[in-house]
Every structure is written in C-alpha cells, then in structure tokens.
Amino acid sequence: MRVLKKLMLFGFFLLTTQAIFSQGNTNSAINGEVVDGTGLSVPGATVVAVHTPSGTKYGAITDFNGYYRIANMRVGGPYKVSFSYIGMKTVDVDDIYLQLGDSQKLNVILYDEVNALQEVVVTGEKDNTFNSKKTGAQTIIDAKKIQALPSLSRNIADFARLTPQAQLRGDDIISIAGQNNRYNAIYIDGAVNNDVFGLAANGTNGGQTGVSPISLDAIEQFQVQVAPFDVKISGFAGGAISAITKSGNNNFEGSAYFLNRNQNFAGMTPPDLVGEGSSREKLGDFNATTVGVRAGGAIKKDKLFYFINYERQDNETPQPFDIETYTGNIGKINNTGATQAGLAASTLSTLRNGLINKFGYDPGEYTNKLQTLVSDKLIAKIDWNINDNHKLALRHSYVKAREISPFRSSANTINFNNGSQDFNTLTNSTSLELNSRFGNKFSNNLVVGYTTVKDDRDVLGTPFPSVEINDGGQAGRIFIGAEAFSTANLLDQRILTITDNFEISTGKHNITIGTHNEFSYAKMYFLVIILGHIGLIISMTLHLI
C-alpha cells in the first residue's frame with residue numbers, strides 16, 4: 001500500500017511538472033471583485049458573460065470574499081457582462097473585448113435597489129506594474145490590425161514584425177530575441193505547426209516551399225510572446241506564436257478577395273544585372289495571383305456554428321538574367337578580354353542542342369526563368385455550445401503546395417531551368433478543444449492536435465546527371481542536368497499534441513495543474529548519386545567528351 005501511494009504521488013508530480021513544457025494559448029478569461037456601496041464584499045453574486053455575436057454564455061458566482069473568475073472564454077467580442085444580487089441593482093457592462101491569453105479584470109460596485117445610482121463605476125487594474133494583462137513581453141495582433149495593416153506576403157511573419165524583439169529576414173523567416181527561427185514555437189488552435197524536423201528555413205510545416213501554414217483571412221487573433229510569466233507558455237528559446245482561427249456567429253458573414261501582381265506593377269531590372277552600355281529593362285511576363293473566399297454562420301442559433309475558408313495562391317517570381325553580364329570564357333574573343341554577348345549565347349545554344357541530339361536531354365532555358373508556387377489552403381471549423389458549462393471546437397486544415405525553384409543565373413554562373421527543384425508538400429492538421437467548467441471554482445481546458453506533413457522533393461524534367469562546367473575558374477561556371485541533392489528526398493512527419501490544464505480559482509489567486517505532451521514521428525529518405533566528373537573543352541566550338 002505504501003508503494004502504491006508513492007507511485008500515485010510520483011504520478012501527480014509528473015502530471016503537474018509537465019506544465020512547464022511548451023504549448024499555445026487558445027482562449028481568454030475575466031476576473032474581478034464585487035463589492036457593495038460601503039466597500040464590503042458581496043458573496044454569492046451572479047456573474048453572466050454573453051458573447052453577443054454567438055450568444056455563448058459563461059457564468060460564475062462570487063466566493064465568500066466577493067471574487068470571481070471565468071476561464072476558457074472565447075476570444076474577441078463584444079461581450080455583455082451582467083452582475084446581479086438579490087436586493088441590489090443589476091449592473092451591465094457592454095462592449096468588452098477579450099484578447100488571446102488575456103485575463104481581463106472587471107471590478108464592480110453593486111448598490112441597494114432603493115439607493116441605486118444613475119451611473120455605476122466599473123474599475124479595472126489599480127496597479128499596472130504586474131497584473132493579469134501583463135504576463136511578460138508580448139504582442140497581440142487582433143483581426144482589426146490584420147485588416148488594417150499592409151501585408152507583403154500574406155503571412156503571419158508580416159505582423160510578427162510588430163514585436164520589437166522580432167527581426168524578419170526575407171518574406172517569412174522570423175528571428176525573435178536574437179535566436180534562430182527554429183527555436184520558435186508556432187501553434188494554431190493549440191496544435192503544433194512548427195517544423196519539428198527542422199529543415200524549413202521559416203520554421204513552419206511545408207515551409208520548404210515557402211507556403212504560409214494558414215490564410216490570413218482565417219485568423220481571429222495571434223499572439224507573439226518573448227518572455228512570458230505564464231507557466232503554460234515555455235519550452236522555447238526564441239518566441240511563442242499562438243494563432244486562433246475564426247469561428248461562426250449567429251449572423252452569416254462572408255467575404256471574397258482577389259489579389260494580383262504582374263510585370264506592369266513591377267520595376268525594371270536592377271542596376272547590378274545591367275551590363276556595360278546597356279539600359280535597365282522591363283521584367284518578362286509573370287503573374288502572382290491570390291484568390292479566396294470565407295463564410296461563417298450558425299447551423300443552430302446560439303448552439304452550433306461553422307466557419308470555412310479556402311484560398312488559392314498561384315505565384316510566379318521572375319529571375320531575370322542578362323547574358324551580357326556573364327564573365328566566363330565562352331564570351332571572350334581570342335583571349336583579348338573583350339566579350340561578345342552573341343558569342344556566349346551561341347555557344348550555350350550549341351551546348352543545349354548537343355545535349356538534345358546526343359543524349360535526348362533538354363536542359364531548358366537559362367534566361368528569364370520563373371520561380372513558381374501553387375498552393376491550396378482549406379480550413380473548416382465547427383463550434384458547439386454543448387451547454388453553459390461545456391464548449392467544444394473542432395478544426396481541420398489542409399495545405400497543399402508545389403514549388404518549382406530554379407537556380408539563378410549570375411555574372412559568373414549559368415544555371416539551366418531543368419536543374420530546378422520540384423517540391424511538393426501536403427499538410428493536414430486537426431485540433432479538438434474542450435472547455436469545461438465544474439461548479440464555481442474549477443475549470444478545465446483540453447486540446448488534442450494531430451498533424452501530418454508529407455514533403456517530396458524531386459528533379460524537374462527528365463533525369464540526367466548533374467554536370468558542372470568550369471568555364472575559366474571563378475570567372476564562370478555552367479551547370480546542367482538534374483539538381484544533385486533531389487534525386488530522392490522524402491520526409492513524412494506525424495505529430496500528436498495533448499494538452500490539459502485544470503484551473504482552481506481561490507479568490508485572488510488561480511492555481512493551474514496541467515500537462516503538455518508532444519509525440520512526433522519522422523521518416524526520411526535522402527539519396528545522392530555521384531557519377532563522377534564530366535569534362536568539357538570550351539573553345540570557339542563546344543565539344544562534348
């Protein structure tokens with residue numbers, strides 16, 4: 001019996017200490033104190049908070065000292081919060097908006113019915129040095145900010161830059177507090193969405209293609225935390241980024257959007273691509289288009305809601321190259337140092353035709369190559385108000401993307417298009433969240449998330465050995481054939497997240513007992529085939545040996 005008790009005690013401490021691992025925020029809370037006109041506490045007062053757009057209700061009763069707390073509330077608003085007690089005038093507080101991870105304080109004075117005043121004062125935090133709204137260095141970006149601020153890539157990284165400790169490199173690589181982006185933790189509706197294996201430069205699932213893990217139009221709020229005091233938010237060295245998706249309301253809401261950019265909205269070739277005696281030129285034809293639609297509403301008023309969002313992205317990014325800037329030997333005349341662009345272009349054309357005629361392999365073009373990204377994003381979410389004490393949310397997201405990424409040509413390097421990487425990725429992520437309240441003091445938040453990621457990188461075009469042509473040492477190099485490291489590169493990941501937090505309200509204080517667990521599985525294939533060196537003699541005529 002004593003051994004059993006020790007095992008149970010060990011299990012309890014194991015459960016409680018797991019809370020120091022990392023997890024994401026998914027909800028908010030309100031708390032405060034209710035007193036009468038003389039400043040004495042009002043025990044047994046009823047507090048009812050109603051999320052006006054959806055009719056979702058939350059309730060609590062003040063304890064012996066007049067304190068109350070309502071946890072695991074839906075983010076956003078507006079809320080109408082009512083405070084009532086027998087024999088006292090009911091107080092209604094309107095237009096309350098809750099932010100992600102926020103515990104907003106509402107202190108209320110209730111007056112006797114016979115002495116009711118025309119105006120009632122609702123007070124908040126008296127000391128702003130350390131309170132429930134300040135839980136460490138953090139930035140909260142709500143739907144209004146997302147709509148108001150411009151976005152270059154329609155990625156959460158565009159808004160993470162609002163955090164003073166964050167630095168953005170490229171379109172979507174976020175460094176927080178000076179740390180590598182792979183040390184960040186990214187959660188969507190509590191489910192892990194950062195690249196667990198660690199290959200993606202931006203640190204997100206499917207990020208090797210550059211695709212965003214979620215459409216901006218589907219985000220209700222997200223929060224960037226750098227040094228939180230909350231014991232539930234930890235296990236990272238950079239920052240924790242928690243995003244929650246939108247939910248349906250009693251009123252139908254929807255939108256459609258279209259974004260387009262092409263060569264007519266872009267500048268001309270930059271100066272470093274212009275050869276001597278040449279002028280800047282307009283970019284070749286390209287198209288970057290994003291279209292999307294979202295809809296949300298009620299299946300059953302005040303009870304069951306839906307939200308769905310679909311987005312299609314079809315981007316082309318030009319990679320201009322001027323053969324006049326190339327410094328290799330194939331453009332030089334009689335070793336005098338003088339160059340002739342037409343000679344270099346003719347030699348490269350001879351090389352291409354030789355590969356086609358002798359080996360049946362077409363290396364493709366080397367000028368005006370396009371980097372392309374085609375993606376489909378779909379999110380579907382159901383919210384169910386089981387009753388006033390239990391709320392359930394189920395969300396599934398699907399992200400499919402294909403990127404064709406050619407290597408750029410430059411002054412000393414020429415890359416043919418069929419040496420590009422052809423990258424396909426597919427991410428499915430499901431999360432289930434159950435928020436429960438037991439009596440007046442106890443509440444529980446359970447989040448279960450399951451994510452699968454399948455990455456497949458291949459060569460573009462017909463398989464052919466990777467060939468490097470030395471064209472004058474560092475002055476010039478020519479690459480043809482398949483990309484050397486994409487012969488076979490597969491990565492399958494499965495991540496299961498289980499989080500449970502049990503809260504005990506004791507008046508001024510709140511005790512959290514919880515666990516956060518991440519179980520990941522990864523299977524990777526990586527094959528590189530090296531056949532040796534193929535030499536080419538370059539003169540006025542190109543000969544294949």
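From a predicted model like this one, the values you see are computed outputs, not experimental measurements.
- In terms of modelled atom types and a separation under 3.5 Å, the side chain of Asn385 and the main chain of Asp302 share a donor-acceptor contact.
- Atom OH of Tyr310 is surrounded by more than 12 heavy atoms from other residues, nucleotides or ligands within 6.0 Å.
- Side-chain contact check for Phe519 versus Arg494: every heavy-atom pair is 4.5 Å or farther apart.
- Within the 4.5 Å cutoff, no side-chain heavy atoms of Tyr450 are placed close to those of Leu432.
- The minimum heavy-atom distance between Lys369 and Ser409, with the atom names listed, is NZ-OG, 3.2 Å.
- For Gly77 against Tyr97, the heavy-atom pair with the smallest separation is C-CE2, 3.6 Å.
- Not one N or O on the side chain of Ser420 forms a donor-acceptor pair closer than 3.5 Å with the backbone of Ile404.
- Checking each of Asn309, Ile214, Thr26 against Thr245 for a side chain to side chain contact (heavy atoms under 4.5 Å, CB included) leaves exactly one that passes, namely Ile214.
- In this structure, OG on Ser247 lies 3.0 Å from NZ on Lys381, to the nearest 0.5 angstrom.
- Distance check: Glu403 CD to Thr425 OG1 gives 10.5 Å after rounding to the nearest 0.5 Å.
- No side-chain donor-acceptor contact under 3.5 Å links Tyr361 to the backbone of Pro465.
- Taking the side chain as every heavy atom from C-beta outward, Gln165 and Val224 never approach each other to under 4.5 Å.
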Practice prompt. Evaluate the side chain to side chain contact (heavy atoms under 4.5 Å, CB included) criterion for residues Phe464 and Thr462: first the C-alpha distance (whole Å), next the side-chain angles of each, then the deciding distance (0.1 Å), finally the verdict.
Written response: CA-CA 6 Å; Phe464 193 81; Thr462 306; 5.9 Å; no

Worksheet item: Please walk me through it: do Asn489 and Met524 pass side chain to side chain contact (heavy atoms under 4.5 Å, CB included)?
Response: CA-CA 7 Å; Asn489 193 334; Met524 184 181 188; 3.8 Å; yes

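- For the atom pair OG of Ser212 and CG of Leu373, the computed distance is 10.5 Å after rounding to the nearest 0.5 Å.
- Residues meeting the ring-ring contact (aromatic ring centres under 6.0 Å, His included) test with His390, sequence neighbours left out: Phe438.
- A donor-acceptor contact shorter than 3.5 Å links the side chain of Thr209 to the backbone of Gly206.
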Discussion item. Between Asn517 and Thr515, is the side chain to side chain donor-acceptor pair (under 3.5 Å) condition met? List the steps.
Written reply: CA-CA 7 Å; Asn517 305 275; Thr515 178; 2.9 Å; yes

Worksheet item: Can you list the steps and then say if Asp492 with Tyr525 is a side chain to side chain contact (heavy atoms under 4.5 Å, CB included)?
Response: CA-CA 9 Å; Asp492 283 356; Tyr525 297 97; over 6 Å; no

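- In this structure, CG in Asp383 is found 10.5 Å from CZ in Phe307, a value given to the nearest 0.5 Å.
- Side chains of Arg408 and Ser410: a donor-acceptor N/O pair is absent below 3.5 angstrom, by distance only.
- Between Gly76 and Glu220, the shortest heavy-atom contact is CA-OE2, 4.5 Å.
- Ion pair Lys246/Glu253 not flagged as a salt bridge, since none of the NZ, NE, NH1 or NH2 atoms sits closer than 4.0 Å to an Asp/Glu carboxylate oxygen.
- Phe222 is not listed as a side-chain neighbour of Ile188, based on a closest heavy-atom distance of 4.5 Å or more.
- Between Phe442 and Phe502, the angle of the ring planes stays under 30°, which puts this pair in the parallel group of the 30/60° scheme.
- Here the shortest heavy-atom pairing between Asn445 and Asn72 reads CB-OD1, 3.5 Å.
- Annotation: Phe258, atom CZ; neighbour count of heavy atoms from other residues, nucleotides and ligands within 6.0 Å is above 12.
- Side chain of Asp195 to backbone of Ala200: a donor-acceptor contact under 3.5 angstrom is found.
- Asn205 places no side-chain N or O within donor-acceptor distance of the main-chain N or O of Val453, the cut-off being under 3.5 Å.
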Discussion item. Test side chain to side chain contact (heavy atoms under 4.5 Å, CB included) on Asn418 and Ile480; report intermediate values, then the result.
Written reply: CA-CA 8 Å; Asn418 280 348; Ile480 59 174; over 6 Å; no

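- Residues satisfying the side chain to side chain donor-acceptor pair (under 3.5 Å) test with Asn287, not counting sequence neighbours, are Asn260.
- To the nearest 0.5 Å, atom CG of residue Asn444 and atom CG of residue Asn501 are 7.5 Å apart.
- At least one side-chain heavy atom of His516 sits less than 4.5 Å from a side-chain heavy atom of Thr497.
- Of the options Phe416, Phe479, Phe407, a ring pair (Phe, Tyr, Trp, His ring centres under 6.0 Å) to Tyr366 is made by Phe416 and by none of the others.
- Under a 3.5 Å cut-off, the side chain of Asp376 and the backbone N or O of Arg312 do not form any donor-acceptor pair.
- In this structure, the side chain of Tyr67 does not engage the main chain of Asn31 through any donor-acceptor pair within 3.5 Å.
- Counting only heavy atoms from C-beta outward, the side chains of Ile176 and Val226 approach each other to under 4.5 Å.
- Minimum heavy-atom separation, Ile299 to Tyr306: CG1-CD2, 3.8 Å.
- Residues Val47 and Tyr58 fail the side-chain proximity criterion, which asks for heavy atoms closer than 4.5 Å.
- Between the side chain of Gln221 and the main chain of Leu100, a donor-acceptor pair closer than 3.5 Å is present.
- Here the CD1-CD1 distance, from Ile141 to Ile146, works out to 7.5 Å after rounding to the nearest 0.5 Å.
- Formation of a donor-acceptor pair under 3.5 Å by the Asn387 side chain with backbone atoms of Asn389 is found in this model.
- Within a 6.0 Å sphere centred on NZ of Lys301, heavy atoms belonging to other residues, nucleotides or ligands number 12 at most.
- When side chains are defined from C-beta on, Asn193 counts as touching Ser429, because their heavy atoms get closer than 4.5 Å.
- Within a 6.0 Å radius of NZ in Lys303, more than 12 heavy atoms belonging to other residues, nucleotides or ligands are found.
- Nearest approach of Arg437 to Ala71, heavy atoms of both residues: NH1-N, 4.2 Å.
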Discussion item. Show, in sequence, the C-alpha distance, side-chain angles and deciding distance for Tyr257 and Ser215, and conclude whether the side chain to side chain donor-acceptor pair (under 3.5 Å) test is met.
Written reply: CA-CA 12 Å; Tyr257 50 95; Ser215 168; 3.2 Å; yes

Worksheet entry | Arg69 and Ser443: CA distance, side-chain angles, deciding distance, side chain to side chain donor-acceptor pair (under 3.5 Å) verdict | CA-CA 10 Å; Arg69 176 179 171 84; Ser443 61; over 6 Å; no

